[in-house]
**Q** 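Mind looking over this structure? Questions follow.
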Amino acid sequence: MMQNIPKKDIFRTPEGYFENLPQATLSRYKTEKTKQIWLTGLSAAAILLVGLILAVFNPTTGEDPNFQSSLDETMELYIQAGYWNEDDILSLSDNPNELLDLLLAEEWGLMDLSEEEELFDNEIY
């Protein structure tokens with residue numbers, strides 16, 4: 001059966017194919033590269049535009065006014081339940097010395113020093 005098939009060259013290249021091949025390849029590469037650069041720039045501009053719109057027109061940029069009171073209540077519950085102690089509270093602060101100064105000012109501000117000066121002096125020393 002294979003012997004009945006004639007043996008002739010069935011593959012032919014078009015005229016001038018190998019002479020024009022480098023130019024055709026380079027022109028196709030240049031157009032693909034140009035398309036890629038345009039698409040990259042366009043997508044970067046779109047992302048920048050969406051980010052700018054979200055940053056300018058974001059209605060939730062303001063801080064929730066009830067956030068601090070809610071946080072204070074939550075911290076108070078953790079302290080009363082015994083989950084947190086003084087060290088835990090101080091570790092949450094950015095400036096623990098400022099927090100300690102505030103607590104001392106509040107604590108000492110509640111004491112009436114005019115009547116108990118002697119007791120006060122003994123406590124300090």
Side-chain angles (χ1 to χ4, degrees):
M1 182 131 153
M2 294 292 281
Q3 295 169 352
N4 295 338
I5 299 175
K7 293 184 180 182
K8 58 181 178 177
D9 189 14
I10 58 172
F11 298 107
R12 286 189 232 163
T13 57
E15 290 183 27
Y17 177 75
F18 289 107
E19 290 82 19
N20 297 330
L21 184 62
Q23 291 86 7
T25 304
L26 285 176
S27 67
R28 187 172 4 142
Y29 174 75
K30 287 181 183 178
T31 58
E32 288 176 6
K33 191 69 171 173
T34 305
K35 287 179 186 177
Q36 183 182 8
I37 290 172
W38 273 98
L39 288 176
T40 303
L42 187 62
S43 61
I47 290 172
L48 183 65
L49 182 65
V50 168
L52 184 62
I53 289 172
L54 287 176
V56 170
F57 297 112
N58 190 1
T60 60
T61 55
E63 188 175 313
D64 184 13
N66 296 327
F67 177 73
Q68 187 63 40
S69 63
S70 173
L71 183 63
D72 290 343
E73 291 173 8
T74 304
M75 290 176 65
E76 188 66 34
L77 287 174
Y78 278 123
I79 293 168
Q80 289 176 357
Y83 290 122
W84 285 356
N85 59 22
E86 298 85 12
D87 294 332
D88 296 329
I89 301 298
L90 289 175
S91 68
L92 294 174
S93 175
D94 291 334
N95 190 354
N97 289 333
E98 184 179 316
L99 182 61
L100 286 173
D101 291 342
L102 179 65
L103 290 173
L104 286 174
E106 286 179 8
E107 190 70 30
W108 289 107
L110 295 176
M111 295 184 73
D112 186 16
L113 301 178
S114 61
E115 296 176 2
E116 304 174 9
E117 282 189 35
E118 187 176 318
L119 177 64
F120 178 69
D121 289 339
N122 290 337
E123 284 184 10
I124 290 177
Y125 299 111

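It should be emphasised that the depicted structure is a prediction, and the values quoted were computed from it without experimental measurement.
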**Q** Kindly compute the distance separating CG (N95) from CG (L102), expressed to the nearest 0.5 Å.
**A**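 These two atoms lie 11.0 Å from each other.
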**Q** Determine, using the 4.5 Å side-chain heavy-atom cutoff (strictly less than), whether L49 and V56 are members of one ILVMFWY cluster.
**A**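 As far as the 4.5 Å side-chain criterion goes, V56 and L49 are connected within one cluster.
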**Q** With clusters defined by side-chain heavy atoms of hydrophobic residues (ILVMFWY) lying less than 4.5 Å apart, directly or transitively, does L52 cluster with F57?
**A**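 As far as the 4.5 Å side-chain criterion goes, L52 and F57 are connected within one cluster.
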**Q** With hydrophobic residues grouped by side-chain heavy-atom distances under 4.5 Å, do L48 and V50 end up in a single group?
**A**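 L48 and V50: separate clusters.
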**Q** Tell me which one of L39, T40, T34 satisfies side-chain contact (heavy atoms from CB on, under 4.5 Å) with Q36.
**A**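 With Q36 as partner, L39, T40, T34 yield a single side-chain contact (heavy atoms from CB on, under 4.5 Å), made by T40.
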**Q** Decide if atom CD of Q23 counts as having more than 12 heavy atoms of other residues, nucleotides or ligands within a radius under 6.0 Å.
**A**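 Yes, the 6.0 Å shell around CD holds more than 12 heavy atoms from other groups.
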**Q** Using 0.5 Å steps for rounding, measure from the CG atom of L42 to the CD1 atom of I37.
**A**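 The distance works out to 13.5 Å.
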